[in-house]
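Inspection log for the structure reproduced underneath, given as structure tokens.
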Amino acid sequence: MAPKRTKTNKNPSPEPNGMFSGMVVFLVENGVQSLRLQIWKQKLIQMGATIETRLSKKITHVFAMNSNALLQQMDREQLQRFKGRVLLFQWLEDSLRLGEKVLEDSYYVGVDSEGKGDPVKSPVKESADGNTSGSDEPSPQKKMRSSLEGLVDGADKQNNAVKNSPDSPSSSDSLPFALSSTIMSPRTPRTPSQNSSLPYCPPDLNRNITEIFGKLINIYRAMGDDRRSFSYYKAITVIEKLPYKIESADQVKDLPGIGKSMQDHIQEIVTTGKLSKLEHFETDEKVRAISLFGEVWGIGPATALKLYEKGYRTLDDLKNDDSLTYAQKLGLKYFHDIRTRIPRNEVQEMEQLMQKAGEEILPGVVIICGGSYRRGKASCGDLDVVITHPDGKSHKGFLPRFVNHLKNMKFLREDLVFSIHSEEGTDSGVDTYFGLCTYPGRELRHRIDFKVYPRDIHAFGLIAWTGNDVLNRRLRLLAESKGYRLDDTGLYLATQASGGKRGAKASASLKFDTEKEVFDFLGFPWLEPHERNL
DNA sequence: CAGTAG
DNA sequence: GGGCCTTACTG
DNA sequence: GCCC
């Protein structure tokens with residue numbers, strides 16, 4: 001694809017006939033994730049639109065995340081005078097997805113003419129680094145009816161014919177086929193409202209690239225080059241969000257996390273379909289062995305390398321080596337078991353089993369299975385169990401008894417790591433256990449982790465061990481920006497001592513009873529566990 | 001202390 | 001050119 | 001690997 005363009009231009013080439021040609025737009029950047037903003041700008045220009053950095057008469061369209069963001073940048077008076085259209089960015093998103101301009105009617109940004117009461121339901125929403133994009137419950141339109149009366153009357157007129165459209169499901173429900181007939185995409189996108197209420201997930205149009213990068217992540221990690229590995233990880237998250245298929249390195253050269261090397265790699269992949277660098281790795285005996293060994297629980301890059309240098313090449317070879325630790329031997333013995341994913345319903349049963357067992361030892365104990373299970377995934381790689389007790393103290397000493405009980409039940413089968421903190425002086429002590437368990441009546445081993453938290457900070461453990469990692473990182477960054485430090489054991493005021501060295505933990509964590517209180521405190525829009533698959 | 005996991 | 005993630009257990 |  002992406003035939004090398006002649007000398008033309010290197011930047012996104014504006015197509016005179018692009019679907020946005022003729023549009024002169026002004027973007028309200030408040031509340032827009034910078035990455036998406038970049039993408040939008042690029043596509044707008046590429047598809048023929050002109051972007052103005054300040055408001056003027058020439059502007060035909062203004063885009064904003066929501067009315068609040070809009071009002072942060074334009075006052076009502078300006079809006080009254082403005083004769084163009086004021087649309088939600090969602091319109092851009094949907095138009096790009098469909099490959100043609102969608103009807104603007106249900107994308108108008110409404111602003112109460114009075115000045116009070118914002119049309120947009122939840123004031124926060126589309127928070128700072130949004131991206132949760134569509135996931136917000138209040139769908140764009142219904143909240144703006146009645147509110148878009150006064151404003152933008154110019155635009156209002158042209159579409160008042162369809163005035164009822166937003167609320168009447170007509171467009172999508174009454175005549176679904178009439179609508180879909182003009183639309184090619186397999187899953188009829190339906191009404192924008194429904195669209196935006198879906199968890200924004202562009203089909204992996206660039207799977208050809210992310211798949212290869214994914215392999216590089218594992219290879220570099222196996223070699224101990226976590227930094228580089230992480231770079232590919234970040235690049236993937238960026239590329240995955242693109243609403244279009246990359247056909248040339250030019251299209252990604254300005255994206256965050258994409259530097260010279262990534263561009264070159266992407267260029268090679270889109271032109272040849274593969275990456276010679278990866279091919280080379282995959283045929284390299286050393287890389288293959290180290291990658292394989294590194295997948296054994298307890299074996300990291302250093303050990304994997306040693307084993308390779310000892311001449312081992314297969315997992316079978318390793319069985320003859322007694323330099324392995326007990327845990328590593330277990331990881332090897334149950335290599336395939338541990339890699340086998342666990343069906344959701346089985347995790348659910350095991351969670352109930354554990355809750356019952358816990359109750360027998362300590363009435364009132366709260367046992368929650370977190371991880372991908374709590375995020376609603378259909379299958380899980382392991383069990384992450386977060387435990388606490390409402391009385392704030394009897395969680396101490398619970399874990400050893402719990403583990404013993406579960407061993408007697410033959411639910412827990414082997415130990416990997418066992419560490420106790422709650423008993424000792426150090427409060428905020430979280431007891432931890434790593435081991436292997438089996439589904440009742442079966443021998444297949446699963447990895448299981450227990451973390452026992454004091455009540456006051458257990459919300460942090462729940463958040464951290466529910467994930468996903470993207471959310472955790474985002475929360476941590478948000479906390480940081482507000483002068484705090486967040487981890488799985490609490491939220492601490494960031495002392496300057498923390499900067500230089502640790503010990504910042506001198507102060508105790510803030511205490512919260514629920515996850516939501518933590519989200520609220522940080523000013524992050526609440527996400528149900530199943531909404532945390534960012 | 002290095003190595004490892006989460 | 002240097003940072004990019006923290007904490008704690010095992011051996 | 002990327003970014004400052």
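Letters A, B, ... mirror the listed sequences (proteins, then strands); counts begin at 1.
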Discussion item. Counting the atoms with a prime plus P, OP1 and OP2 as sugar-phosphate, which does A:Leu216 contact under 4.0 Å by heavy atoms, base, sugar-phosphate, or nothing?
Written reply: nothing
Worksheet item: With a 4.0 Å cut-off on heavy atoms, is A:Arg221 in touch with a base, just the backbone sugar-phosphate, or nothing at all?
Response: nothing
Using atom [atom1] of [X] as one end and atom [atom2] of [N] as the other, report the distance to the nearest whole Å.
X        : N     : atom1 : atom2 : result
A:Asp382 : B:dA5 : CG    : P     : 13 Å
A:Phe418 : B:dA5 : CZ    : C1'   : 17 Å
A:Asp384 : B:dA5 : CG    : P     : 15 Å
A:Asp431 : C:dA8 : CG    : C1'   : 13 Å
A:Leu486 : C:dT7 : CG    : C1'   : 15 Å
A:Lys451 : C:dT7 : NZ    : P     : 17 Å
A:Asp254 : D:dC2 : CG    : P     : 14 Å
A:Tyr433 : B:dA5 : OH    : P     : 17 Å

Collect all protein-nucleotide pairs involving nucleotides 2-4 of chain B in which both atoms are nitrogen or oxygen and the distance is under 3.5 Å.
unit_1	atom_1	unit_2	atom_2	d
B:dG3	O3'	A:Thr303	OG1	3.3
B:dT4	OP1	A:Gly300	N	2.6
B:dT4	OP1	A:Gly300	O	3.1
B:dT4	OP1	A:Thr303	N	3.0
B:dT4	OP1	A:Thr303	OG1	2.4
B:dT4	OP2	A:Pro301	N	3.3
B:dT4	OP2	A:Ala302	N	3.0
B:dT4	O5'	A:Gly300	N	3.1

Worksheet item: According to a strict under-4.0 Å criterion, is A:Arg447 in side-chain N/O contact with OP1 or OP2 of B:dA5?
Response: no
Discussion item. Please determine whether a side-chain nitrogen of the Lys or Arg among A:Glu282 and A:Lys274 lies less than 4.0 Å from a carboxylate oxygen of the Asp or Glu.
Written reply: no
Discussion item. Closer than 4.0 angstrom, basic N to acidic O: yes or no for A:Asp322 and A:Lys329?
Written reply: no
Item to complete: Could you identify which residues of residues 259-266 of chain A place a heavy atom less than 4.0 Å from some atom of DNA chain C, listed by residue number, or say none?
Response: none
Worksheet item: Looking only at atom P, what distance separates C:dC4 and B:dG6, rounded to whole Å?
Response: 23 Å
Worksheet entry | Whole-Å P distance, D:dC4 and C:dC5 | 13 Å
Worksheet item: If the sugar-phosphate is the primed atoms plus P, OP1 and OP2 and the base is the rest, what is the B/S/- string for nucleotides 1-6 of chain C, using protein heavy atoms under 4.0 Å?
Response: ---B--
Considering residues at least two apart in sequence or located in another chain, which fulfil the side-chain hydrogen bond (donor to acceptor under 3.5 Å, both in side chains) criterion with [X]?
X        : answer
A:Lys286 : none
A:Asp225 : A:Arg228
A:Arg413 : A:Thr438, A:Glu443
A:Lys407 : A:Asp415

Worksheet item: Taking only residues two or more places apart in sequence, or in another chain, which ones meet A:Thr53 in a side chain to side chain contact (heavy atoms under 4.5 Å, CB included)?
Response: none
Practice prompt. Could you check whether the rings of A:Phe213 and A:Tyr232 sit parallel, tilted or perpendicular, using 30° and 60° as the cut-offs?
Written response: perpendicular
Worksheet item: Which pairs with one or both residues in residues 461-472 of chain A pass side chain to side chain donor-acceptor pair (under 3.5 Å), sequence neighbours excluded?
Response: A:Tyr233-A:Asp469, A:Arg374-A:Thr466, A:Tyr453-A:Trp465
Practice prompt. Can you sort out the partners of A:Glu285 under salt bridge (Lys or Arg N to Asp or Glu O under 4.0 Å), two or more places apart, ordered by chain and number?
Written response: A:Arg313
Practice prompt. Can you sort out the partners of A:Phe521 under ring pair (Phe, Tyr, Trp, His ring centres under 6.0 Å), two or more places apart, ordered by chain and number?
Written response: A:Tyr484, A:Phe512
Using distance only, find each side-chain donor-acceptor pair of residues 289-297 of chain A under 3.5 Å and give its atom names and separation, not counting sequence neighbours.
unit_1	atom_1	unit_2	atom_2	d
A:Ser291	OG	A:Val287	O	2.7
A:Glu295	OE1	A:Arg339	NH1	2.2
A:Glu295	OE1	A:Arg339	NH2	3.4

